[in-house]
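One structure below.
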Amino acid sequence: MNSPDQPLPTFDEVLLCTPQTTAEQVELFFRRCFIPCSGGEKIYTMLYADELSYDVSCRAEELFQRLQHYNKTYRLIILCNCEREHSYIPSVFSQYKVHMIPQRQLAEIQQYLQHHYRVAQPSSSAASVFKDDMCVGIVSSKRAGVGK
């Protein structure tokens with residue numbers, strides 16, 4: 001966010017973890033992160049790693065220990081819910097833990113995201129559904145199952 005020209009992460013730089021995330025998905029993600037290749041210095045991010053099952057978490061730790069020797073300059077961020085800090089992954093990596101508080105104001109973050117998610121040339125696309133010609137939007141409701 002230091003520059004509006006910096007791109008957002010690409011699909012291969014982010015792994016959104018759920019209880020259904022498989023060990024194979026984590027392995028593929030770690031291999032992209034640790035095995036050096038051309039294409040610049042990417043920052044890899046695992047979101048909600050505390051949601052991984054115990055078995056997947058154990059395999060992820062083992063793989064992390066093996067692969068980190070291939071690349072000493074890897075850039076990996078593991079984000080976890082602070083309310084689940086005693087689950088496997090946050091416990092294993094607790095020595096690297098950094099409590100983060102967003103350093104930017106909400107309005108500044110929103111402006112940055114709007115810069116990247118605005119459709120360049122508005123046309124009759126799905127972007128016309130969302131406010132200000134955004135190509136993404138969030139639809140939510142406090143009541144479940146009301147046709148979103």
Side-chain angles (χ1 to χ4, degrees), residues 1-120 125-127 129-142 144-145 148:
M1 273 192 52
N2 292 329
S3 167
D5 297 327
Q6 289 178 323
L8 292 170
T10 58
F11 71 93
D12 64 329
E13 293 176 85
V14 178
L15 178 63
L16 179 60
C17 301
T18 67
Q20 290 76 36
T21 301
T22 65
E24 290 78 20
Q25 290 171 313
V26 174
E27 180 176 351
L28 179 62
F29 178 76
F30 275 170
R31 288 188 184 283
R32 285 193 303 253
C33 176
F34 290 110
I35 297 177
C37 63
S38 61
E41 295 181 1
K42 294 183 175 187
I43 300 173
Y44 293 88
T45 307
M46 285 181 73
L47 298 169
Y48 304 115
D50 53 291
E51 297 272 334
L52 294 174
S53 70
Y54 181 79
D55 292 338
V56 172
S57 296
C58 290
R59 288 184 59 189
E61 179 199 6
E62 291 170 9
L63 186 61
F64 176 86
Q65 299 299 336
R66 281 197 328 259
L67 291 179
Q68 71 175 340
H69 301 292
Y70 286 100
N71 184 357
K72 296 294 184 191
T73 61
Y74 65 89
R75 296 163 62 166
L76 173 64
I77 298 169
I78 301 175
L79 295 174
C80 299
N81 184 339
C82 65
E83 295 174 3
R84 294 178 44 96
E85 67 182 335
H86 299 295
S87 60
Y88 192 87
I89 292 290
S91 296
V92 166
F93 294 100
S94 63
Q95 66 195 38
Y96 306 108
K97 181 170 41 176
V98 175
H99 289 281
M100 293 295 300
I101 298 172
Q103 300 296 313
R104 307 287 181 152
Q105 298 296 321
L106 178 60
E108 198 175 343
I109 295 170
Q110 289 172 334
Q111 184 179 15
Y112 174 80
L113 292 173
Q114 285 175 352
H115 172 75
H116 286 286
Y117 286 122
R118 182 166 284 121
V119 175
S125 71
V129 174
F130 297 112
K131 181 180 173 186
D132 298 327
D133 295 315
M134 294 290 130
C135 63
V136 296
I138 297 174
V139 178
S140 65
S141 173
K142 293 184 182 195
K148 293 182 285 298

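What you see is a predicted model; the values in this text were computed from it and never measured. The first residue in the sequence is number 1, and the count goes up from there.
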Non-hydrogen atoms of Glu85 and Pro90 that approach each other most closely
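It is O-CB, 3.3 Å.
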
Asp12, Leu76, Leu63, Thr21 screened by side-chain contact (heavy atoms from CB on, under 4.5 Å) with Phe29, the one that passes:
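Option passing the side-chain contact (heavy atoms from CB on, under 4.5 Å) with Phe29: Leu76.
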
Partners passing side-chain hydrogen bond (donor to acceptor under 3.5 Å, both in side chains) against [X] (at least two apart in sequence or in another chain):
X: Arg32; result: none
X: Gln110; result: none
X: Asn71; result: Thr73
X: Arg31; result: Glu27

Listed by chain and number, what are the side chain to side chain contact (heavy atoms under 4.5 Å, CB included) partners of [X], not counting sequence neighbours?
X: Gln65; answer: Glu61, Gln68
X: Ser94; answer: none
X: Thr22; answer: Glu24, Gln25

At what distance, to the nearest 0.5 angstrom, does [atom1] of [X] lie from [atom2] of [Y]?
X: Glu108; Y: Leu113; atom1: CD; atom2: CG; result: 11.0 Å
X: Phe34; Y: Arg75; atom1: CZ; atom2: CZ; result: 13.5 Å
X: Leu79; Y: Met46; atom1: CG; atom2: CE; result: 10.0 Å

Scan residues 44-58 for pairs that pass side chain to side chain donor-acceptor pair (under 3.5 Å), counting only residues two or more places apart or in two chains.
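Output for this query lists Asp50-Arg84.
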
Going by heavy atoms in the side chains, are Phe30 and Tyr74 under 4.5 Å from each other?
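Contact flag for Phe30/Tyr74 side chains = no.
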
Those residues that, when tested against Tyr70, pass ring-ring contact (aromatic ring centres under 6.0 Å, His included) (two or more places apart)
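Result, ring-ring contact (aromatic ring centres under 6.0 Å, His included) vs Tyr70: none returned.
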
Counting only heavy atoms not in Gln111, do more than 12 sit closer than 6.0 Å to its CD atom?
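No, not enclosed.
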
